[in-house]
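Have a look at the structure below before the remarks.
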Amino acid sequence: MNKIENLLKNKITEAVFSTFNIELEDDFVVIEIPKDSNNGDYSTNIAMKLTKSVKQKPSITANMLVEKLNETCEIAEKIEVAGVGFINFFIKSEVLAEIINTVIDAKDDYGKNNSGNNLKILVEYVSANPTGPLHCGHARGAAWGDVICRLLKKSGYDYLREYYINDAGNQIDMLGESIYGRYRQYYGLDFTIPADGYYGEDIIEITKEIIDDVGDNYLHSAKQEAVDFFKWEGRNRQLNRIKADLAYYGCHFDSWVSEKSIVDENRVEKALEKMISMNLTYQQDGAFWFKSTEYGDDKDRVLKKSDGFYTYLTPDIAYHQHKFERGYEKLVNLWGADHHGYVARMKAAMTALGHPKDALEVDLIQMVRLVEDGIEVKMSKRTGNAITIRELVDEVGLDAARYFFVCKAVDTHLDFDFTLAKSETNDNPVYYAQYAYARICSVLRQYPAEKLEHYSLLNCEKEIALLKHIGEFTSVVADAAKTRAPHKMCNYIQKLAQYFHSFYATNKICDENNIKLSKERLALVEAIRITLKNALDLIGVSSPERM
RNA sequence: GUCCACGUAGCUCAGCCGGAUAGAGCAUCCGCCUUCUAAGCGGACGGUCAGGGGUUCGAAUCCCUUCGUGGACGCCA
């Protein structure tokens, strides 16, 4: 909520109080920007919302309030009642223009806000098993998580980017076995790779890397010893590859937590003991069960199998419990949609352990379908395997890859249009925004902008639209952070670029015949530049000064 | 079969804590470079917001139901 909206809100609250003697709660008054500017710069539906309390037609209520507002609301040039009872405010353009200096003064910090209130929030994303390269599905999650964190940072949250490494389960054993197989194969010996092992090119590469380091040392040792060695060698090398791919993709994590460390620190036993002591479990058929149905799950879940091993769930509970123990009040997980059924039991576990109901929130990332020329592309033409994050970046470029993943809400399946993302021409939406930035920079290179004391001439429709949109930026950032909706930032960017292009096409920014107006416009353009740059930064897309 | 998500223009999607005539890009068609970057601008065409019911001043938005699509339903991870 910006300065103008706040002021309007206060004036409306006052007017309601003095007219009807009703004290409104803080969030009761809603200010919005009408789609059609004929309906004012800002509007409120307060008269409709008061229908029941005041027992009269909204239009009458609205007129009574406007009478009062006309006296008190000095920033408005005109206040009207329209439709069924909307109150529409037309703001003096010099008041709207004050935003220019706010932006210029704040520079990179424009958009920064404290809506997060320093909330300690841990965002866990990607968390792919260290058994193979990251593919396009991970790319969606990585971009989404990264942008969420950028938004949280800008909005004053105390956030942590975390990657959970599943390195204590069966899949890591399979990794060890797979490398062991390739190792023997390299030396021309008989070999087997388990049916649920890993057959990718990356395993062969990693095997060769290991051979470069240790040669045939493990050829004659006992199988289990060799597999154990390859398991951890493989895990570490895969993880390094993942880290490199993420860096290539512009994503960095603050924290890497391994499942093995959770196990080694006895956190799994402790978690189970805690659950037993809290009477959240029972024994049946030789196994320990979690009474998860009592906390909203479909059925009870096994924590410790009759063979004495834990299920996948138990270390995960321990891990999440540990997140809370580290002082995080809010946990956000971005999981692939295939983990869908897993959400309820995890939330059940956290609730059972005494954490607030919504302290853990899981956003599911739906599948990505790559489409080229209208046909689904399942495999890379080069390798025959799933397309990796690295191939994707090489193919379409970093900016396009990230933009395409971030610009759509994650709760629906995404068709990633390869053809469109690759096109370096007019069709590509990424360039639309970047081109606006390059155009702005070009203008400012030729005609440097300077801050003015006062702006009084920026009152054409397109200028007003830009001023209002720039003024919205901070609240859009705060809202996108709160609702974890990075695509809102893309929508904002597209609109800002659109307003600018439209303005640029119909108005000469620098006009020798009107120096005063030109100076004001240049300052406006500088404010647009800063806002656009900050917005692009938030989605991790570059702002080229020339194109 | 049970549970969950989704269903908006020819295509890809916004909009969804109820608000004014449901928006954008692509595609199709028509205009605009002697002018600060045409990777741009302006316009046209295009809709039973899956169907039905309900809640109310008002529903794409909330509730119920039917249909369709996808996913999850292991003492796997």
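Note that the structure is a prediction, hence the values are computed from the model and not measured. To find a chain, count down the sequence lines: A is the first, B the second, and so on, and within it residues start at 1.
- Distance check on atom C1': rG25(B) versus rU8(B) gives 15 Å, rounded to whole Å.
- Taking a pair as Watson-Crick or G-U wobble with both distances under 3.5 Å, the runs of three or more consecutive pairs in RNA chain B are B:1-7 with B:67-73, B:10-13 with B:23-26, B:28-32 with B:40-44, B:50-54 with B:62-66.
- Residues Tyr504(A) and Phe500(A) place their aromatic rings such that the two centres sit under 6.0 Å apart.
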For nucleotides 11-13 of chain B, give me every protein contact, N/O to N/O, under 3.5 Å, one pair per line with atom names.
unit_1	atom_1	unit_2	atom_2	d
rU12(B)	O2'	Lys408(A)	NZ	3.3
rC13(B)	OP1	His413(A)	O	2.9
rC13(B)	OP1	Asp415(A)	N	3.3

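- For the pair Tyr499(A) OH and rG40(B) P, the interatomic distance rounds to 18 Å; values are reported in whole Å.
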*Summarise how protein sits on nucleotides 72-77 of chain B as a single string, 5' to 3': B when a protein heavy atom is under 4.0 Å from the base, S for sugar-phosphate-only contact, - for no contact.*
SSSBSB
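- Taking atom C1' on both rA60(B) and rG7(B), the two are 11 Å apart, rounded to the nearest angstrom.
- rC41(B) shows a glycosidic angle more than 90° from 0 and is accordingly assigned anti.
- For rU2(B) and rC76(B), the P atoms lie 26 Å apart once the distance is rounded to whole Å.
- Annotation: cation-pi geometry not satisfied between Lys462(A) and Phe503(A) (NZ/CZ under 6.0 angstrom from ring centroid, within 45° of ring axis).
- Rounded to whole Å, the distance from CD on Gln494(A) to P on rA39(B) is 16 Å.
- The separation of rC49(B) from rU21(B), taken at their C1' atoms, amounts to 15 Å, rounded to a whole angstrom.
- The aromatic ring centroids of Phe405(A) and Trp144(A) lie 6.0 Å or more from each other.
- In summary, Arg521(A) and Glu463(A) engage in a salt bridge, as defined by a charged side-chain N under 4.0 Å from a carboxylate O.
- The side-chain ring of Tyr432(A) is not stacked on the base of rA39(B), judged by centre separation under 5.5 angstrom and plane angle under 30 degrees.
- Comparing His487(A) and Ala497(A) along RNA chain B, the residue whose closest nucleotide (by nearest heavy atom) sits nearer the 5' end is His487(A).
- Among the atoms of the strands shown, base atoms are found under 4.0 Å from some heavy atom of Asn88(A).
- Rounded to an integer number of Å, the gap from Leu50(A) CG to rG19(B) P is 17 Å.
- Look at CZ on Phe404(A): it is 14 Å from P on rA14(B), rounded to the nearest Å.
- A heavy atom closer than 4.0 Å to some atom of RNA chain B occurs in no member of residues 520-529 of chain A.
- Proximity of Ser502(A) to the phosphate of rG42(B): a side-chain N or O atom is located under 4.0 Å from OP1 or OP2.
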Polar atom pairs between nucleotides 32-37 of chain B and protein, under 3.5 Å, N or O only, would you list them?
unit_1	atom_1	unit_2	atom_2	d
rC36(B)	O2'	Gln446(A)	NE2	3.2
rC36(B)	O2	Cys510(A)	N	3.3
rC36(B)	N3	Ile509(A)	N	2.9
rC36(B)	N4	Tyr504(A)	O	2.9
rC36(B)	N4	Asn507(A)	O	2.5
rU37(B)	OP1	Ser442(A)	OG	2.5
rU37(B)	OP1	Gln446(A)	NE2	3.1
rU37(B)	OP2	Ser442(A)	OG	3.1
rU37(B)	OP2	Gln446(A)	NE2	3.3
rU37(B)	O2'	Tyr435(A)	OH	2.3
rU37(B)	O2'	Arg439(A)	NE	2.8
rU37(B)	O4	Ala438(A)	O	3.4
rU37(B)	O4	Met547(A)	N	3.4

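- A distance below 6.0 Å separates the ring centres of Phe404(A) and Phe416(A).
- Judged by distance alone, with hydrogens and angles left aside, the side-chain atoms of Asn88(A) form a donor-acceptor pair with the main-chain N or O of Asn39(A) at under 3.5 Å.
- A salt bridge does not link Lys468(A) to Glu472(A): none of the charged nitrogens lies less than 4.0 Å from a carboxylate oxygen.
- With rounding to whole Å, Tyr492(A) atom OH is found 19 Å from rA24(B) atom P.
- In summary, Glu124(A) and Lys323(A) engage in a salt bridge, as defined by a charged side-chain N under 4.0 Å from a carboxylate O.
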Can you pull every protein N or O that's under 3.5 Å from an N or O on nucleotides 43-46 of chain B?
none

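- The interatomic distance linking His501(A) (NE2) with rG42(B) (P) rounds to 10 Å, in whole Å.
- Counting to the nearest Å, the C1' atom of rA14(B) and the CZ atom of Phe405(A) are 19 Å from each other.
- When rounded to the nearest whole Å, the span between NZ of Lys462(A) and P of rC41(B) equals 10 Å.
- If you take atom P in rA44(B) and the same atom in rC26(B), they sit 16 Å apart, rounded to whole Å.
- Within 4.0 Å (heavy atoms only), Asp411(A) reaches sugar-phosphate atoms of the nucleic acid but no base atom.
- In terms of position on RNA chain B, the residue among Gly83(A) and Val410(A) whose nearest nucleotide sits closer to the 5' end is Val410(A).
- Comparing rC73(B) with rG10(B), their P atoms are spaced 36 Å from each other, to the whole Å.
- Using a 4.0 Å heavy-atom distance criterion, Lys35(A) is classed as a sugar-phosphate-only contact.
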